[in-house]
A.B. asks: 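I am attaching a structure below and will ask some questions about it afterwards.
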Protein chains: 2
Amino acid sequence: MNSTTTGRAAQSGSSGHRAERSDAVRNRGKLLEAAAEVFAERGTEASIAEIAERAGVGKGTVFRHFATKEDLLASIVIDLVDGLAGTARRLAQDDDASSSLYDFMATGVELLVRDRAFCEVVGEPSLADDRLRSAIARLVDQVQVLVSRAVEQGVIRPDLTGTDVVLLLAGVQQTAQPLLTAHPDLWRRYLRLVVDGMRFNGDPLPALPAPPGGLTDDLERWRA
Amino acid sequence: MNSTTTGRAAQSGSSGHRAERSDAVRNRGKLLEAAAEVFAERGTEASIAEIAERAGVGKGTVFRHFATKEDLLASIVIDLVDGLAGTARRLAQDDDASSSLYDFMATGVELLVRDRAFCEVVGEPSLADDRLRSAIARLVDQVQVLVSRAVEQGVIRPDLTGTDVVLLLAGVQQTAQPLLTAHPDLWRRYLRLVVDGMRFNGDPLPALPAPPGGLTDDLERWRA
DNA sequence: CACTAAACGGACCGACTGGTCCGCTTGTGC
DNA sequence: GCACAAGCGGACCAGTCGGTCCGTTTAGTG
């Protein structure tokens, strides 16, 4: 959990209001930790009451730190997305484009497999928090680096994009989902199959519409 | 809608209770039609009240025809699954194993794309109605015919199964889901990619555990 | 047409949810 | 150690849901 991104915490700085109290900081930490666990296990429909209970605080405390349930959920998912973007950035150091792209996808799918709420949120953009959208845009950007390198090295078909790869993560997870409890590693089978499909072999894919927005257009990026 | 599968309707036959009333038959029809629409649009969380309203009946009528909401939902999804199994059976007549398998998958994904509740139910086996499980088992059986033929003709890798193909349908749908409203045909892109991955090209896929149950073991089939 | 059992519909119930409010507690600066 | 603002927690509220119940309507029968 790299929770620097955390809350709209101490907006200190300007007029010298008192600093944030220590118990408040501690509770927000417990809250984020508990919420991450509960959302991962139970999905986005997990109740605030359960999160508060696991954190060992009252319900009121939840809403003092996060305006709404969606706000709390977004904070957590954004952290996950940013973490994944960090993985992509780190893997971009590696020379072997093929294996680094594969490793990235394996990391991503594994994350999705272990976190129900993450799956639901990234698979259904209706929960369209702006911060989340830009986090996804950052992720797509990082992945695009991996993809471009792989295309240059000729190890995947040239019409693939970072968006494709990110979307495919959720697809692979969903494929294995119905048998997940019985066969927790089944996603590897389908990841392999999808990766094999990503290798260049002649016929171009049905068109994904040309990226309409510029590089800074966050909202349009996700639909690029 | 092939609603012969419909309800636990007139259990007539034995002791000559009066025949089912015509308005009851009519209302059940309207109910199934309305529920299919509403579930397709809004997913499994659509409310009974909305379904009753669209059918033009009262809420009480819903529960006289279907014991619970899950019962109604299962009835509808089972019809869809059986319909898809019928498509598979019909396509098995065709000589070209490659194109018939592709056509089946395209039909399946398109159905998933247009029906939210169908997606949710088949992607999450927790709604484990027994009738639904056997319907899925029947579907997998039919698809296995297509798959076996394709393997024999050497057009797909030999370690694929009917279960794989059925699971992949939901995976392809999920891949396109986040951009679905903006690009309704995007699923074709990912179906093509997955189908390319299904073609034989050397390395075997990570193991899918050997089918543990016999052919009649419905429950184990889905996890075969 | 009269009679009855079946079907109907919507008021009602209990459970649960996200979110609010306010009296009480506690950390912090002086 | 005092004062007080900030933080706290849980009773509470309004809304929604699946499901039940029962007074009323209606389809079928002789």
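Reminder, nothing fancy here: chain letters follow the sequence lines and each chain counts from 1.
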A.B. asks: With respect to the phosphate group of dT28(C), does any side-chain polar atom (N or O) of S22(A) fall under 4.0 Å of OP1 or OP2?
C.D. replies: yes
A.B. asks: So, does T68(B) get its side chain near the phosphate of dG18(D), meaning an N or O under 4.0 Å from OP1 or OP2?
C.D. replies: no
A.B. asks: Whole angstrom is fine here: how far is it from NZ in K30(A) over to P in dG7(D)?
C.D. replies: 15 Å
A.B. asks: Starting at CD of E50(B) and ending at P of dG19(D), how long is that distance when rounded to a whole Å?
C.D. replies: 16 Å
A.B. asks: Send over the distance from R42(B) CZ to dC17(D) C1', rounded to a whole Å.
C.D. replies: 15 Å
A.B. asks: So which one's nearest nucleotide on DNA chain D is more toward 5', R26(B) or A46(B)?
C.D. replies: A46(B)
A.B. asks: Give the table of side-chain donor-acceptor pairs shorter than 3.5 Å for residues 109-116 of chain A, with sequence neighbours excluded, one pair per line with atom names and distance.
C.D. replies:
from    : atom 1 : to      : atom 2 : distance (Å)
D115(A) : OD1    : A117(A) : N      : 3.2
D115(A) : OD1    : F118(A) : N      : 2.9

A.B. asks: Going 5' to 3' along nucleotides 7-14 of chain C, which nucleotides have protein heavy atoms under 4.0 Å from the base (write B), which only from the sugar-phosphate (write S), and which from neither (write -)?
C.D. replies: SBBB----
A.B. asks: Please state how far atom CZ in F63(B) lies from atom C1' in dC17(D), giving the value in whole angstrom units.
C.D. replies: 9 Å
A.B. asks: Any side-chain to backbone donor/acceptor pair from K30(A) onto V57(A)? Under 3.5 Å, distance only.
C.D. replies: no
A.B. asks: For K69(A) and dG18(C), give me the distance from atom NZ to atom P, rounded to whole Å.
C.D. replies: 4 Å
A.B. asks: Do D164(A) and T161(A) have a side chain donor and acceptor closer than 3.5 Å?
C.D. replies: yes
A.B. asks: Is the closest basic N to carboxylate O distance between E41(A) and R54(A) below 4.0 Å?
C.D. replies: yes
A.B. asks: The criterion is side chain to side chain contact (heavy atoms under 4.5 Å, CB included); which residues satisfy it with S100(B), sequence neighbours excluded?
C.D. replies: L91(B), D94(B), L146(B), R149(B)
A.B. asks: With side chain to side chain contact (heavy atoms under 4.5 Å, CB included) as the test, would you mind laying out the steps for L72(A) and I51(A) before giving the verdict?
C.D. replies: CA-CA 11 Å; L72(A) 170 56; I51(A) 291 169; 4.3 Å; yes
